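Scroll down for the structure; my scribbles are underneath it.
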Amino acid sequence: NLQEMKYSSELVAKGTLPVEVAYKPIKEKHSLDFVFFAPEVKSFYKTKPLGIIQYLLGREGNGSLLAQLKNLGLATSLNASTWDQDHVSLFSVEIELTPQGEKEKSRVQDLFFSYLNLLKKEGYPQHVYELKQAMMANEFIFAETQSPFELAIYYSSAMADYPADQIDQNLNLLQAYSTKDFQSFL
């Protein structure tokens, strides 16, 4: 007989974050993973601050975190993603490390948090917003066609949060520039 499990409504006990967890992997994986609780993201649908943060973290251009990690021989890739469900959002970052990066995990971690602090202090420039806005518009225009079944699920679930005639623009397009929203997630 299975016993019913009871869960506290509090996801994490107050005062227990941040925390570092060490584990022994089953298969060899050389990455450094960060997971953060974030404010719910649905009300920020026009400015998409986590999308901007994901873009800035994962881009490979000059001055980016990934470019710096690669130049130092510490990492090969960086992937940032968001998970959002009702009133809970998680933001995760996975940095694939080189053998040297594996030896210098604390340095990679310091560079990661230094970059986040820089973003919090300086915000992001208007041209980054315009670039990300154009990229999202192109992704929307050239997206693969979905089956009627997939579209029905997509629209019916989105109708709980957005007016039916605004679902596509609210979910797929970047509509406003806001460093205030951006910085509230850092």
Side-chain angles (χ1 to χ4, degrees), residues 10-23 25 29-136 139 171-186:
E10 193 174 281
L11 292 172
V12 178
K14 289 184 173 134
T16 61
L17 293 177
V19 65
E20 182 175 337
V21 178
Y23 60 91
K29 182 179 178 189
H30 301 286
S31 68
L32 189 56
D33 300 322
F34 302 93
V35 180
F36 305 93
F37 284 97
E40 65 83 22
V41 296
K42 287 180 183 168
S43 61
F44 296 91
Y45 64 88
K46 289 188 179 210
T47 58
K48 297 179 178 39
L50 283 181
I52 298 289
I53 294 168
Q54 284 176 249
Y55 170 72
L56 289 170
L57 285 171
R59 73 183 189 91
E60 295 190 38
N62 288 339
S64 72
L65 174 63
L66 181 56
Q68 184 178 14
L69 292 171
K70 282 183 169 185
N71 287 339
L72 294 170
L74 300 173
T76 58
S77 68
L78 185 153
N79 183 43
S81 60
T82 304
W83 178 83
D84 182 51
Q85 188 67 38
D86 296 325
H87 301 289
V88 178
S89 298
L90 295 176
F91 181 70
S92 66
V93 178
E94 178 184 33
I95 302 172
E96 290 292 329
L97 301 172
T98 63
Q100 185 63 34
E102 186 72 29
K103 293 175 189 171
E104 297 185 52
K105 279 186 179 179
S106 62
R107 184 176 181 202
V108 174
Q109 180 176 310
D110 289 345
L111 289 167
F112 172 75
F113 284 107
S114 293
Y115 188 74
L116 288 182
N117 286 331
L118 177 69
L119 292 177
K120 185 171 189 162
K121 179 181 168 190
E122 295 186 7
Y124 69 103
Q126 180 78 27
H127 76 272
V128 168
Y129 164 78
E130 292 166 358
L131 177 62
K132 182 68 176 160
Q133 184 182 44
M135 289 168 57
M136 290 181 76
E139 288 170 7
L171 292 178
N172 299 300
L173 301 175
L174 188 55
Q175 302 171 55
Y177 174 77
S178 173
T179 56
K180 179 183 171 205
D181 288 355
F182 173 80
Q183 290 170 327
S184 72
F185 280 81
L186 293 169

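Quantities reported herein were computed from a predicted structural model and do not represent experimental measurements. Computation of the quantities below employed the complete heavy-atom set of this structure, encompassing side-chain atoms and omitting hydrogens, waters and symmetry-equivalent molecules.
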Worksheet item: Should F185 and F44 be marked as a ring pair (Phe, Tyr, Trp, His ring centres under 6.0 Å) after you check the CA-CA gap, both sets of side-chain angles, and the distance that decides it?
Response: CA-CA 11 Å; F185 280 81; F44 296 91; 4.9 Å; yes
Worksheet item: Considering only heavy atoms from C-beta outward, does the side chain of L74 approach that of I95 to under 4.5 Å?
Response: no
Fill in: Between CG on residue L56 and CG on residue L66, distance to nearest 0.5 Å
12.5 Å
Worksheet entry | From CA spacing to verdict: side chain to side chain contact (heavy atoms under 4.5 Å, CB included), L69, L97 | CA-CA 9 Å; L69 292 171; L97 301 172; over 6 Å; no
Worksheet entry | 4.5 Å side-chain heavy-atom contact, Y124 and Y177 | yes
Worksheet item: Where do L78 and L57 come nearest, in terms of heavy atoms and distance?
Response: CD2-O, 3.5 Å
Worksheet, complete the sentence: Minimal heavy-atom distance between T98 and G73, with the atoms involved, is OG1-O, 2.5 Å
Worksheet, complete the sentence: Closest heavy-atom pair, S31 versus E96, reported as atoms and distance to 0.1 Å, is CB-OE2, 3.9 Å
Fill in: Audit row: L32, F112, side chain to side chain contact (heavy atoms under 4.5 Å, CB included) steps and yes/no
CA-CA 10 Å; L32 189 56; F112 172 75; over 6 Å; no
Discussion item. Is there a side chain to side chain contact (heavy atoms under 4.5 Å, CB included) between E60 and K70? Walk through the geometry before answering.
Written reply: CA-CA 9 Å; E60 295 190 38; K70 282 183 169 185; 2.8 Å; yes
Item to complete: Measure across V108 and G101 and return the closest heavy-atom pair with its distance rounded to 0.1 Å.
Response: CG2-O, 4.2 Å
Discussion item. Is there a side-chain contact between T47 and F182 in this structure, where contact means two heavy atoms from C-beta onward sitting under 4.5 Å apart?
Written reply: no
Worksheet entry | 4.5 Å side-chain heavy-atom contact, V35 and F91 | no
Discussion item. Can you tell me which residue among E102, E104, K103 is in a side-chain hydrogen bond (donor to acceptor under 3.5 Å, both in side chains) with Q100?
Written reply: E104
Worksheet, complete the sentence: Between Q175 and Y129, the two heavy atoms sitting closest are C-OH, 3.3 Å
